[in-house]
Amino acid sequence: MALNTFIARVAGQNVQRQNKYRISIMGPSGLRGRTGAMDQNMTLFAESVEIPGQTIISSPDDLRYGPTREQATAMSYGPTNITFICTPGMPERKYFTAWQSLTINKNDWEAYYYDEYAAPCTMSIFALDTEEKDKYAVKLYEVFPKTVSGQAFGAGSNDAYQTLDVEFVFRYWDEIPV
């Protein structure tokens with residue numbers, strides 16, 4: 001009986017496909033004059049995307065008699081990763097390293113103001129249905145690229161295209177209505 005219910009549900013509602021997504025990145029205003037319209041181009045070249053998770057931070061509540069229980073104390077968000085397909089000249093890499101240059105001054109190694117490189121920045125990730133309509137979405141707030149990965153080249157790679165892995169950190173995320 002359970003198998004028939006499962007088949008009916010999949011036939012009626014389908015399932016979420018991993019290859020149906022889109023992203024939107026709103027980088028810092030300090031980049032817009034230096035990198036052109038890369039915020040919009042990034043959405044086209046995102047090869048893989050992670051919707052971030054969340055963790056409840058807790059501590060033991062041992063003030064009462066009996067077994068100890070965990071008490072929620074805060075919420076924590078780990079980083080999220082996106083892999084981008086690179087185009088000739090790797091403007092994708094240039095975009096994210098330029099964004100990173102807004103975080104630390106390489107002349108004196110002092111950090112710039114958070115409000116300039118993270119606070120106004122957002123990223124939205126959308127899960128789409130088979131007709132390319134938004135079905136689920138999250139928005140990340142105060143986002144910036146923490147890690148721009150190294151990129152390997154090799155003579156034996158033939159016609160393989162280059163990709164760039166970027167790890168983003170952010171303050172928090174929310175589900176947004178679609």
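The basis for the numbers below is simple: all heavy atoms, side chains too, and nothing from hydrogens, waters or symmetry mates.
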Just verifying a value: how many Å separate [X] [atom1] and [Y] [atom2], rounded to the nearest 0.5 Å?
{"X": "Asn81", "Y": "Glu167", "atom1": "CG", "atom2": "CD", "value": "5.5 Å"}
{"X": "Ile23", "Y": "Ser48", "atom1": "CD1", "atom2": "OG", "value": "10.0 Å"}
{"X": "Tyr114", "Y": "Glu142", "atom1": "OH", "atom2": "CD", "value": "3.5 Å"}
{"X": "Thr103", "Y": "Glu110", "atom1": "OG1", "atom2": "CD", "value": "12.5 Å"}
{"X": "Tyr21", "Y": "Glu132", "atom1": "OH", "atom2": "CD", "value": "11.0 Å"}
{"X": "Gln71", "Y": "Asp62", "atom1": "CD", "atom2": "CG", "value": "11.0 Å"}

Residues Asp61, Arg69: salt bridge by 4.0 Å N-O rule: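 Yes, Asp61 and Arg69 are salt-bridged.
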Under-4.0 Å salt bridge between Asp134 and Arg22: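 Yes.
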So which heavy atom on Gln151 is nearest to which on Cys86, and how close?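 Minimum heavy-atom contact is NE2-SG, 3.4 Å.
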If you compare all heavy atoms of Glu70 against all heavy atoms of Ser58, which two are closest, and at what distance to 0.1 Å?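 The answer is OE1-OG, 2.6 Å.
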Please examine the side chains of [Y] and [X], heavy atoms only from C-beta on, and report whether any two atoms are closer than 4.5 Å.
{"X": "Ile25", "Y": "Cys121", "result": "no"}
{"X": "Met75", "Y": "Thr55", "result": "no"}
{"X": "Lys146", "Y": "Phe170", "result": "no"}
{"X": "Thr163", "Y": "Glu47", "result": "yes"}
{"X": "Leu128", "Y": "Lys133", "result": "no"}
{"X": "Leu140", "Y": "Ile125", "result": "yes"}

Tell me whether [X] at atom [atom1] has more than 12 heavy atoms from other residues, nucleotides or ligands lying less than 6.0 Å away.
{"X": "Lys20", "atom1": "NZ", "answer": "yes"}
{"X": "Gln18", "atom1": "CD", "answer": "no"}
{"X": "Asp159", "atom1": "CG", "answer": "no"}

Ring centre gap for Tyr141 and Tyr172 strictly below 6.0 Å: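 Centroid distance Tyr141-Tyr172: below 6.0 Å, so yes.
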Has the side chain of [X] got a donor or acceptor atom that lies under 3.5 Å from a matching backbone atom of [Y]?
{"X": "Gln162", "Y": "Ala152", "result": "yes"}
{"X": "Asp174", "Y": "Ile176", "result": "no"}
{"X": "Arg93", "Y": "Ser149", "result": "yes"}
{"X": "Trp173", "Y": "Gly53", "result": "yes"}

Residues clustered with Tyr113, ILVMFWY side-chain links under 4.5 angstrom: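 So far as hydrophobic clustering goes, Tyr113 is joined with none.
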Could you work out the complete set of other residues in the hydrophobic cluster of Phe153, with links drawn between I, L, V, M, F, W and Y side chains under 4.5 Å apart?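 Besides Phe153, the hydrophobic cluster comprises Met90, listed by chain and residue number.
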Hydrophobic cluster membership, Tyr95 vs Ile104, 4.5 Å side-chain cutoff: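 No, because Tyr95 and Ile104 fall into different hydrophobic clusters, even though each may have its own neighbours under 4.5 Å.
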Applying a strict under-4.5 Å side-chain criterion to I, L, V, M, F, W and Y, I'd like to know whether Val15 and Phe6 cluster together.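 Yes; Phe6 is reachable from Val15 via cluster members.
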Between the side chains of [X] and [Y], does any donor sit under 3.5 Å from an acceptor?
{"X": "Ser124", "Y": "Ser24", "value": "no"}
{"X": "Thr83", "Y": "Asp165", "value": "yes"}
{"X": "Gln16", "Y": "Tyr136", "value": "no"}
{"X": "Glu92", "Y": "Thr87", "value": "yes"}

Phe144: which of Trp99, Tyr117, Phe168, Tyr112 passes ring-ring contact (aromatic ring centres under 6.0 Å, His included):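 With Phe144 as partner, Trp99, Tyr117, Phe168, Tyr112 yield a single ring-ring contact (aromatic ring centres under 6.0 Å, His included), made by Tyr117.
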